[in-house]
Structure formats: C-alpha cells, structure tokens
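To start, the structure under review is shown below, and the notes come after it.
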Amino acid sequence: QVQLVESGGGLVQAGGSLRLSCAASGRTFSTYVMGWFRQAPGKEREFVSGISRSGGNTYYTDSVKGRFTVFRDNAKNTVYLQMNSLKPEDTAVYYCAAEKSPVIAKIPGPYDYWGQGTQVTVSS
C-alpha cells in the first residue's frame with residue numbers, strides 16, 4: 001500500500017510559477033512510475049506528466065511542454081512538478097499517482113494509487 005500526499009498548490013497570476021510536491025509513504029517508492037494528472041471542473045482527468053522509476057525518462061502532454069518539469073528524489077520518496085509560465089487554462093485540481101508497471105501510462109486506469117489532489121488556480 002502506498003499513500004500519496006500532494007502539496008504546493010495555490011493561487012497564482014498568469015505567468016507565475018508553482019512547485020507541486022507529492023510525498024509517498026513506504027519503502028518502495030523507487031519501484032513505482034509516478035504520474036501527474038489534472039482535472040478541471042466539468043472535464044475528465046487528464047495526463048500532465050510522468051516519470052520513470054529512476055527518473056531517467058519523462059513525458060509531458062503537449063500543452064505543458066517547455067513550461068512544466070517533473071523530477072523525483074527517491075531518497076526522499078517525493079516527486080515534484082515544477083510549473084512555470086502558468087496560464088489560466090492550467091487551473092485544475094492536480095493529482096499525483098503511482099503505477100506498479102514500468103510503462104509510463106498516459107491514462108488514469110493503470111495507476112494503482114492516487115493522492116487527494118491539490119488545487120491550482122491561475123488568474124488572468
């Protein structure tokens with residue numbers, strides 16, 4: 001069992017930055033692929049970014065490429081999402097998720113554990 005706790009969300013003006021953190025319980029963090037998803041009101045949960053177990057491979061949805069960076073610290077059982085040049089359309093609840101499979105899935109289904117989410121609001 002893995003418990004995930006996100007933090008770092010908040011209200012920021014367009015063009016600003018936020019860093020989300022996701023702290024995981026347990027000793028097996030490095031064996032999980034980690035993903036970041038977001039869900040805006042009335043919309044489906046969408047993939048934002050994913051990172052491999054070692055951190056050597058990362059993926060991003062097209063709308064955040066060049067603005068967001070995902071990285072992890074396996075010694076601290078934490079994955080991060082650095083978000084720069086934020087836009088109003090980035091407003092959503094952001095979730096981190098852990099996946100046992102070594103493949104970085106870009107849909108929610110394969111992920112085994114989820115955090116409670118953290119709200120990110122970008123004002124124009």
Side-chain angles (χ1 to χ4, degrees):
Q1 187 78 6
V2 175
Q3 291 186 327
L4 304 173
V5 179
E6 302 99 333
S7 61
L11 173 64
V12 64
Q13 288 188 333
S17 297
L18 284 173
R19 177 178 290 185
L20 305 184
S21 299
C22 173
S25 65
R27 302 178 182 177
T28 59
F29 177 72
S30 63
T31 66
Y32 289 90
V33 161
M34 299 300 296
W36 286 97
F37 289 77
R38 65 187 179 187
Q39 189 166 17
K43 295 187 177 182
E44 293 186 351
R45 192 168 297 190
E46 66 168 347
F47 174 81
V48 175
S49 180
I51 187 167
S52 62
R53 295 166 172 173
S54 67
N57 291 316
T58 58
Y59 287 95
Y60 301 91
T61 192
D62 287 345
S63 62
V64 309
K65 284 180 181 176
R67 300 189 297 123
F68 290 11
T69 303
V70 62
F71 57 101
R72 65 192 296 167
D73 185 339
N74 286 343
K76 295 184 177 179
N77 283 11
T78 303
V79 61
Y80 305 91
L81 186 67
Q82 177 67 41
M83 306 186 295
N84 298 329
S85 303
L86 283 161
K87 304 176 181 180
E89 51 263 44
D90 294 318
T91 295
V93 177
Y94 283 71
Y95 299 89
C96 70
E99 180 189 11
K100 295 177 184 178
S101 166
V103 177
I104 301 176
K106 300 176 182 65
I107 56 175
Y111 287 83
D112 302 284
Y113 304 102
W114 291 84
Q116 82 289 348
T118 186
Q119 177 70 47
V120 171
T121 303
V122 184
S123 63
S124 57

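Computed from a prediction, not measured in an experiment: that's the story for all the values here.
Clustering ILVMFWY residues whenever any of their side-chain heavy atoms sit less than 4.5 angstrom apart, transitively, puts Phe29 in a cluster other than the one holding Ile104. Cluster annotation: Val70 is connected to Tyr113 through the hydrophobic network of ILVMFWY side chains, with a link wherever side-chain heavy atoms come within less than 4.5 Å. Residues Val2 and Ile51 fall within the same hydrophobic cluster, defined by Ile, Leu, Val, Met, Phe, Trp and Tyr side chains chained together at heavy-atom separations under 4.5 Å. When the side chains of ILVMFWY residues are joined at heavy-atom separations under 4.5 Å, either directly or via intervening members, Met83 and Trp36 end up in a single hydrophobic cluster. Using a 4.5 Å cut-off between side-chain heavy atoms of Ile, Leu, Val, Met, Phe, Trp and Tyr, with links allowed through other members, Leu20 and Val48 fall into the same hydrophobic cluster.
Between Ser17 and Gln82, the shortest heavy-atom distance links the atoms CB-NE2, 4.0 Å. Nearest heavy-atom pair, Gly9 versus Val120, reported as atom, atom and distance to 0.1 Å: CA-CG2, 4.2 Å. Closest approach of Lys106 and Phe47 over heavy atoms only: O-CB, 3.2 Å. For Val12 against Leu86, the heavy-atom pair with the smallest separation is CG1-CD1, 3.6 Å. Nearest heavy atoms, Pro110 versus Ile107: CD-O, 3.3 Å. Taking both residues in full, the closest heavy atoms of Tyr111 and Ala97 are given as CD2-CB, 3.5 Å, listed atom of the first, atom of the second, then distance.
Side-chain contact between Arg45 and Trp114: present, with at least one pair of heavy atoms (C-beta onward) separated by less than 4.5 Å. Inter-residue side-chain proximity for Val103 and Val33 is flagged as unmet; no heavy-atom pair is nearer than 4.5 Å. Looking at heavy atoms from C-beta onward, Arg38 lies in side-chain contact with Asp90 at the 4.5 angstrom threshold. Between Thr91 and Gln119 the shortest side-chain heavy-atom distance falls below 4.5 Å. Contact check for Lys100 versus Thr31: no side-chain heavy atoms found under the 4.5 Å cut-off.
Atom-to-atom distance recorded for Arg53:CZ and Asn74:CG is 11.0 Å, nearest 0.5 angstrom. Summarising the geometry, atom SG belonging to Cys22 is positioned 14.5 Å from atom OH belonging to Tyr94; distances are rounded to the nearest 0.5 Å. Here OG of Ser49 is found 15.0 Å from OH of Tyr80. Values are rounded to the nearest 0.5 Å. Taking CG of Leu81 as the start and OG of Ser21 as the end, the distance is 9.5 Å to the nearest 0.5 Å. Remark: Thr61 OG1 to Phe68 CZ distance equals 10.0 Å, nearest 0.5 Å. Here the CD-OG distance, from Glu99 to Ser52, works out to 11.5 Å after rounding to the nearest 0.5 Å.
Arg67 places a side-chain N or O within 3.5 Å of a backbone atom of Ser85 that can act as its donor or acceptor partner. Proximity of a side-chain donor or acceptor of Glu6 to a complementary backbone N or O of Gln116 within less than 3.5 Å is detected.
In Gln3, the CD atom is not crowded: 12 or fewer heavy atoms of neighbouring residues, nucleotides or ligands sit closer than 6.0 Å. With a 6.0 Å radius and a threshold of 12 heavy atoms from other residues, nucleotides or ligands, Tyr60 has its OH atom above the threshold.
Taking a cutoff of 4.0 Å between a charged side-chain nitrogen and a carboxylate oxygen, Asp62 and Lys65 qualify as a salt bridge.
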